[in-house]
Amino acid sequence: MDPRALYRPSLGLLTDLYQLTMAAGYWKLGMADREAIFHLFARKPPFGGGWAVAAGLGPALALLEGWGFDRADLDYLATLTGNDGGPLFEEGFLRHLEGLRFSCDVDAVPEGTLVGPPAPLLRIQGPLLQAQILETPLLTILNFQTLIATKAARIALAAGDDPVLEFGLRRAQGIDGGLSASRAAYLGGAAATSNVLAGRLFDIPVKGTHAHSWVMVFEDEPAAFAHYADALPNNCVFLVDTYDTVEGVHRAVAAGRALRARGHELAGVRLDSGDLGALAVEARRILDAGGFPDAAVVASNDLDEHRIAALKAAGAPIGVWGVGTRLVTAHDQPSLGGVYKLGAVRDADGAWQPRIKLSENPVKVSIPGCLQVRRHVDPETGFFAGDTIWSAHHGGPPAAQGPDDHDLLVPCFRGGQRVDEPVPLAVSRARARASVQRLAPADRALSPEGAYPVSLAPPLAAARAALVARAGKGDPA
């Protein structure tokens with residue numbers, strides 16, 4: 001879905017001010033069209049796991065297709081002032097922005113692909129000014145959706161064959177947070193969402209029945225169930241914990257018998273509080289004894305992959321999992337921490353010059369060059385065996401380790417023109433599910449011994465070490 005459809009035709013100002021001040025500096029120095037290469041990547045896998053699921057590329061590419069600045073954007077920028085009270089931006093720079101059209105090359109990992117940080121999710125090559133301004137919107141979209149898709153994939157992995165329903169809109173971080181989270185959660189493995197707008201925009205199945213307020217409106221719980229069954233007989237999953245959960249299940253069975261007499265079936269009961277494991281056992285017993293072995297026990301209430309895994313390990317007979325807050329807010333790690341770093345820039349003579357950022361923290365030392373990621377596949381098991389980051393500027397691709405080895409970054413734009421076809425969300429969702437299943441069992445664990453293996457090709461590692469040594473002496477070239 002194109003983000004412009006939700007906000008406004010121009011999203012040129014969806015960036016940080018310092019991107020525009022740097023862009024103004026590049027323009028002033030005659031460097032606006034100097035060619036540069038940036039990479040977007042996460043430094044570490046989220047949630048204490050070993051991998052991530054790439055997401056957000058579809059909306060990001062849609063934004064790039066129509067990227068630019070309209071007259072209202074430029075009129076606003078003209079009002080900004082510097083420390084002396086004068087205009088922050090020169091009129092000539094604003095005129096440059098007015099005529100700006102996206103003209104970069106973009107290569108990216110398709111949505112739903114399993115990735116091992118710090119391998120890049122996206123590479124952009126083109127005019128320095130454009131690539132610089134686009135840092136913020138690209139990170140905004142890919143960081144969050146990759147985070148949520150990864151969380152959803154972990155939850156789906158814990159749930160096994162049981163469907164996971166995303167119920168998080170009311171707890172999401174605003175409207176866009178709710179929509180983006182619903183999209184990414186479905187991509188990552190959720191079977192449906194309660195978010196009706198996301199259902200329409202992204203063609204996601206929508207699910208939901210009633211809340212505690214429905215039960216409380218009526219004189220008692222049996223009447224509430226009976227009235228709901230009259231109103232929506234083909235959508236009856238009764239929430240049974242408004243008063244007494246066990247008694248609520250008995251009342252749901254009674255309502256189910258009345259439904260059956262009218263040619264409909266009780267779909268299930270939902271548990272939203274208390275000891276979910278013990279209550280699920282009792283609910284299953286009551287449903288089976290009442291003649292409803294196919295009615296599902298649905299559980300919700302602050303679930304995540306760890307609680308689901310623990311409940312399943314304890315044998316809780318829960319068949320459907322409603323996950324909200326801890327999914328759409330990425331409760332235990334609310335930021336992916338993805339970054340966008342310069343890998344190379346052309347000099348005045350047209351030669352590529354690698355660039356590197358140093359840090360006392362080794363994980364923050366960037367990787368120079370024009371990067372690609374080679375995925376190695378075990379020819380005997382079909383499992384992913386690890387990835388190698390390589391650079392077209394430093395030794396080229398590594399030797400194949402098997403016939404199914406392949407590069408992950410694929411062309412999306414060339415010279416500002418889209419060269420790939422938009423991928424349906426359901427296709428990306430299927431790719432995510434298949435990717436997780438192709439992890440070796442040890443890598444698939446929610447808390448693996450180590451991260452999914454990612455290494456630098458030896459020529460790139462050597463070039464990086466040499467750059468670190470030179471940059472440490474104040475020579476970035």
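Worth saying up front: this structure is predicted, and the values here are computed from it rather than measured.
With sequence neighbours left out, the side chain to side chain contact (heavy atoms under 4.5 Å, CB included) criterion links P117 to A42, P45.
Both tests do not hold together for R123 against F38: distance to the six-membered ring centre under 6.0 Å, angle to the ring axis within 45°. The cationic group of R34 does not satisfy the cation-pi geometry with Y26, failing either the under 6.0 Å distance to the six-membered ring centre or the 45° limit from the ring axis.
Residue pairs meeting the side chain to side chain donor-acceptor pair (under 3.5 Å) criterion with at least one member in residues 334-346, sequence neighbours excluded, are E35-R346.
Using a 4.0 Å cut-off between charged side-chain N and carboxylate O, R414 and D107 make a salt bridge. Between E90 and K28, at least one side-chain nitrogen of the basic residue sits less than 4.0 Å from a carboxylate oxygen of the acidic one, meeting the salt-bridge criterion.
Ring pair W67/F69 is perpendicular by interplanar angle, where above 60° counts as perpendicular and below 30° as parallel. Under the 30°/60° scheme for interplanar angles, the aromatic rings of W27 and H96 are found to be tilted.
Of the residues listed (T146, D332, T329), the one engaging K151 in a side chain to side chain donor-acceptor pair (under 3.5 Å) is D332, and it is the only one.
Listed for the S435 side chain is a donor-acceptor partner under 3.5 Å among the backbone atoms of R431. Of the possible polar contacts, none joining the Q173 side chain to the G178 backbone as a donor-acceptor pair under 3.5 Å is found. Distance alone, capped at 3.5 Å, is enough to place a donor-acceptor pair between the R326 side chain and the D302 backbone. Under the 3.5 Å distance criterion, the side-chain polar atoms of Q130 are matched with a main-chain donor or acceptor of S103.
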